[in-house]
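As a basis for the values below, the full set of heavy atoms in this structure was taken, side chains included, without hydrogen atoms, waters or symmetry mates. As the structure lists them, so they are numbered: ligands from 1, and atoms in each ligand from 1. Bear in mind that the values here come from a model prediction, so they are computed numbers and not experimental data.
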Amino acid sequence: MTVEHAAELLRSARHGIAITGAGVSAESGIPTFRGEGGLWTKYDPVKVASIETFMADPASYWQAARERATAVLAARPNAGHVALARLEELGRLVAVVTQNTDGLHQDAGSRRVIELHGSGRTVACMTCGRREPRADVQARLDVEMPPRCRHCGSMFLKPTVVLFGEAMPAAEVQEAYDLAERSDVVLVVGSSLVVYPAADVPLAALRAGARMIVINAEPTPFDRLASVVIHGRSGEVLPEIAALTGA
Ligand code: APR
């Protein structure tokens with residue numbers, strides 16, 4: 001019943017948007033942050049992923065990020081990412097707003113992707129601004145910790161992601177709210193919906209009258225606000241929904 005109901009809502013969507021979190025990439029081998037086996041069950045996010053600790057000791061960030069980044073760089077899109085790209089192709093979705101920094105939506109073929117927390121695929125020097133592909137920096141961590149800027153030698157090389165305590169990218173936030181306020185269906189996938197301001201974007205869609213579909217392995221704080229709630233794995237549920245919307 002629920003996948004059919006979700007498909008029915010998406011079939012009628014004229015301005016559907018998807019909002020995704022780490023759960024959509026879990027089946028690509030990337031650990032989530034919260035929930036079972038989440039990164040924050042092993043590390044204190046404020047200690048390893050805040051701008052304050054990064055500026056105090058970049059090595060502490062790189063040592064904690066190293067393990068996850070290896071999984072991220074090796075990851076490929078799963079059937080969930082592919083189904084979202086297909087829903088966009090079919091005109092059921094106009095965009096994906098993501099909290100993920102792994103770039104897998106774009107790899108799966110999604111054309112309009114708004115990265116609210118930046119991209120982990122690039123690293124920028126905070127001293128001279130020079131940018132490098134993450135893979136290149138990752139490759140020299142065995143001999144250089146923290147890694148240094150190839151141009152100016154600075155040890156403040158930071159991935160272009162939003163760390164805790166850092167401002168969100170203004171243009172992306174604005175675009176996400178514009179999309180939410182025009183949306184008629186909001187499909188929320190694989191997020192615990194506890195991190196703000198990202199979690200306010202689906203609420204903005206609701207405030208604008210959109211219907212909400214939640215797909216998550218565990219209950220979320222927004223389940224009671226949604227028209228359809230599916231507790232399952234997005235890599236299994238999304239292809240089913242895409243198939244029912246006339247893929
Ligand atoms: N399919 C669907 N949902 C899943 C799957 C799956 N295969 N695997 C896990 N989940 C669910 C978990 O139950 C959890 O509720 O995905 C959710 C992931 O939640 P978080 O780990 O909290 O990730 P997210 O909501 O994206 O975190 C928000 O917090 O740490 C910061 O910047 C980081 O962008 C991140 C933000």
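Comparing heavy-atom distances from atom 25 (O) of ligand 1 across A217, S25, S191, P219 singles out S191 as nearest. Selection from R34, R233, H231, E27 by nearest heavy atom to atom 31 (C) of ligand 1 gives R34.
Close contacts of ligand 1 with E218, meaning ligand atoms under 4.0 Å from a residue heavy atom, involve 12 (C), 13 (O), 14 (C), 15 (O). Here is the list of ligand 1 atoms found below 4.0 Å of a heavy atom in F164: 30 (O), 31 (C). Close contacts of ligand 1 with G190, meaning ligand atoms under 4.0 Å from a residue heavy atom, involve 3 (N), 16 (O), 17 (C), 18 (C).
Of the charged side-chain nitrogens involved, none lies within less than 4.0 Å of a carboxylate oxygen, so that R211 and E8 do not count as a salt-bridged pair. Salt bridge annotation for R140-E132: present, with a cationic side-chain nitrogen under 4.0 angstrom from a carboxylate oxygen.
Using modelled atom types, one side-chain atom of S119 and one backbone atom of R121 make a donor-acceptor pair closer than 3.5 Å. Remark: the backbone N or O of R111 is paired with a side-chain donor or acceptor of E88 at under 3.5 angstrom.
The shortest contact between atom 5 (C) of ligand 1 and any protein heavy atom is with G23 O, 3.5 Å. Regarding atom 35 (C) of ligand 1, its nearest protein heavy-atom neighbour is F33 CE1, 3.6 Å. For atom 19 (O) of ligand 1, the nearest non-hydrogen atom of the protein is S192 N, 3.2 Å. Counting protein heavy atoms only, atom 30 (O) of ligand 1 is closest to W40 NE1, 2.8 Å. Here the protein heavy atom with the shortest distance to atom 11 (C) of ligand 1 is N216 OD1, 3.3 Å. For atom 34 (O) of ligand 1, the nearest non-hydrogen atom of the protein is H117 ND1, 2.9 Å.
Geometrically, ligand 1 and V195 share no nitrogen or oxygen pair separated by less than 3.5 Å. Ligand 1 has no N or O atom lying under 3.5 Å from any N or O atom of N100, backbone or side chain.
By the criterion of a heavy-atom distance under 4.0 Å, neither the backbone nor the side chain of Y196 is placed next to ligand 1. Counting heavy atoms closer than 4.0 Å to ligand 1, residue A22 contributes atoms from both its backbone and its side chain. Under 4.0 angstrom from ligand 1, the non-hydrogen atoms of Q99 come from both its backbone and its side chain.
For S25 and H81, the side-chain atoms include at least one donor-acceptor pair closer than 3.5 Å.
Assignment of G232 to the shell around ligand 1 is supported, since a heavy atom sits closer than 4.0 Å.
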